2 protein chains.
Amino acid sequence: MSSSAQKHDVFQAIADPTRREVLRLLAEKERPISEISAHFPISRTAISKHLHILSEAELVSGKKVGREKIYHFQPEPLAKLKQWLSFYEQFWNNKLLKLKHIVEDGDDGLNIVEKGEKSK
Amino acid sequence: MSSSAQKHDVFQAIADPTRREVLRLLAEKERPISEISAHFPISRTAISKHLHILSEAELVSGKKVGREKIYHFQPEPLAKLKQWLSFYEQFWNNKLLKLKHIVEDGDDGLNIVEKGEKSK
DNA sequence: ATTATATAAAACCATTTGGTTTCATGTCAA
DNA sequence: TTGACATGAAACCAAATGGTTTTATATAAT
């Protein structure tokens, strides 16, 4: 199966602070909805909706056990985030790449002045 | 200054696909609003609002040059995202940590067998 | 069998979001 | 100085978001 008609992706799923906290709780260990919602000032129903959204993004998955629904954390979608991030890591890890870009773009770079440097 | 009363953080800022694309364009090189909006099917005003949000999250910054406003990419806030992500990397990079958790939680772990590993 | 528990589902609501259109303003060019 | 251009700002709008309350259903416990 693995429905690709997902309305919520990982970027949206982690945008909400409550959902991030839910994720952290589930990363620790799997828990039923009521246990999760006990950690928050909002209603159980609200938490249930958040779990639904996390579930759409495949960051969590729930299995019904007796009358409880036990949710557990699924890290896979975060790889996509990591991948997205990796593109931008150049910009803060490797300052030399800035120069490289300037060269490749055909800019002669003569008047480029880095922060705190004098231009002449 | 550096107002800390920011309504939008980096998590929310990158939740929107259009904003992610704007970021990518600005990571390539700095550009005025009109040039950015030329890449999208939506109005210049809409793009301007997205830039405002990215700016609140300090992912971009704009300087006025003549009648144009030139925006450029600022990678710093992404470090926060990277930091957030790093916590979860254990879960897909380092499978052994699973065992560690089991041990620390007091679970005897006797019948736990990792994928593809021999139990002894 | 009855009651309490755990969740699901639906209706509802205020605010935010992502977009639009319209109007105003500052700057460059002729 | 008169347009044209680039942006800003405001009013407006539909849909999505994040919450609520109410009602229903399945399971567990007594």
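A quick note: this is a predicted structure, and the numbers were derived from the prediction, not measured. So that the names make sense, note that chain A is the first sequence line, chain B the second, and so on, each numbered from 1.
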Exercise. With respect to the side chain of A/T45, which nucleotide from C/dG18, C/dA9, D/dA6 is positioned closest?
Worked result: C/dA9
Exercise. Looking at B/E89 and A/K82, does any basic side-chain N land under 4.0 Å from a carboxylate oxygen?
Worked result: yes
For this session: Could you check how far CG of B/L51 sits from P of D/dA9, rounded to whole Å?
Result: 14 Å
Problem set entry | base_contact_polar (D/dG19 base, A/K49 side chain, donor-acceptor, <3.5 Å) | yes
For this session: Output, in order, the C-alpha distance, side-chain angles, deciding distance and verdict of side chain to side chain contact (heavy atoms under 4.5 Å, CB included) for A/V60 and A/V22.
Result: CA-CA 10 Å; A/V60 306; A/V22 168; 5.6 Å; no
For this session: Over 60° means perpendicular and under 30° means parallel, so classify the ring planes of A/F73 and B/Y88, tilted if in between.
Result: tilted
Exercise. Between C/dT7, C/dG18, D/dT21, which nucleotide gets closest to the side-chain atoms of B/H50?
Worked result: C/dG18
For this session: Just call it for A/H52: base, sugar-phosphate, or nothing, with non-hydrogen atoms closer than 4.0 Å on any strand.
Result: nothing
Exercise. At under 4.0 Å, does any side-chain N or O of A/S34 touch on OP1 or OP2 of C/dT5?
Worked result: no
Exercise. Would you say the base of C/dA8 and the side-chain of A/R44 have a donor-acceptor pair closer than 3.5 Å?
Worked result: yes
Problem set entry | Candidate list A/E30, A/H72, A/E68, test side chain to side chain donor-acceptor pair (under 3.5 Å), partner A/K63, passing option | A/E30
Exercise. For the base of C/dT5, is there a side-chain donor-acceptor partner from A/R67 under 3.5 Å away?
Worked result: yes
Problem set entry | Row check, A/Y71 ring normal vs A/R31 NZ/CZ: under 6.0 Å, within 45° | no
Problem set entry | Nearest-nucleotide 5' precedence on DNA chain D, A/A46 against A/V65 | A/A46
For this session: Kindly point out which of C/dT7, D/dT7, C/dT17 is positioned nearest to the side chain of B/K7?
Result: C/dT17
Exercise. Please give, in whole Å, the distance from D/dT7 C1' to B/I36 CD1?
Worked result: 12 Å
For this session: Flag yes if more than 12 heavy atoms outside B/H52 fall under 6.0 Å of its NE2 atom; otherwise flag no.
Result: no
For this session: Starting at atom CD of B/E35, determine the distance to atom P of D/dA6, rounded to an integer number of angstrom.
Result: 11 Å
Exercise. Just checking B/S43: base, sugar-phosphate only, or nothing, at a heavy-atom cut-off of under 4.0 Å?
Worked result: base
Problem set entry | Nearest to side-chain heavy atoms of A/S48, which nucleotide of D/dT17, D/dG19, C/dA8 | C/dA8
Exercise. Expressed in angstrom and rounded to an integer, what is the separation of B/I33 atom CD1 from C/dG26 atom P?
Worked result: 16 Å
Problem set entry | Distance test, side-chain N/O of A/K64 to OP1/OP2 of C/dT7, below 4.0 Å | no
Exercise. Within the structure shown, what part of the strands sits under 4.0 Å from B/Q12 by heavy-atom distance: base, sugar-phosphate, or nothing?
Worked result: sugar-phosphate
Exercise. Could you state the CD1-P distance from A/I53 to D/dT17, rounded to the nearest angstrom?
Worked result: 7 Å
Problem set entry | Nucleotide D/dG8, atom P - distance to NZ of B/K63 in whole Å | 15 Å
For this session: Nearest whole angstrom, please: distance from the P of D/dT7 to the CD1 of B/I70.
Result: 7 Å
For this session: Identify which nucleotide among D/dG19, D/dG8, C/dA6 has an atom closest to any side-chain atom of A/I42, counting heavy atoms from C-beta outward.
Result: D/dG19
Problem set entry | Length of the CZ-P vector between A/F40 and D/dT20, whole Å | 13 Å
For this session: Look at the side chain of B/H8 and decide which nucleotide, out of C/dA6, D/dG8, C/dT17, has an atom nearest to it.
Result: C/dT17
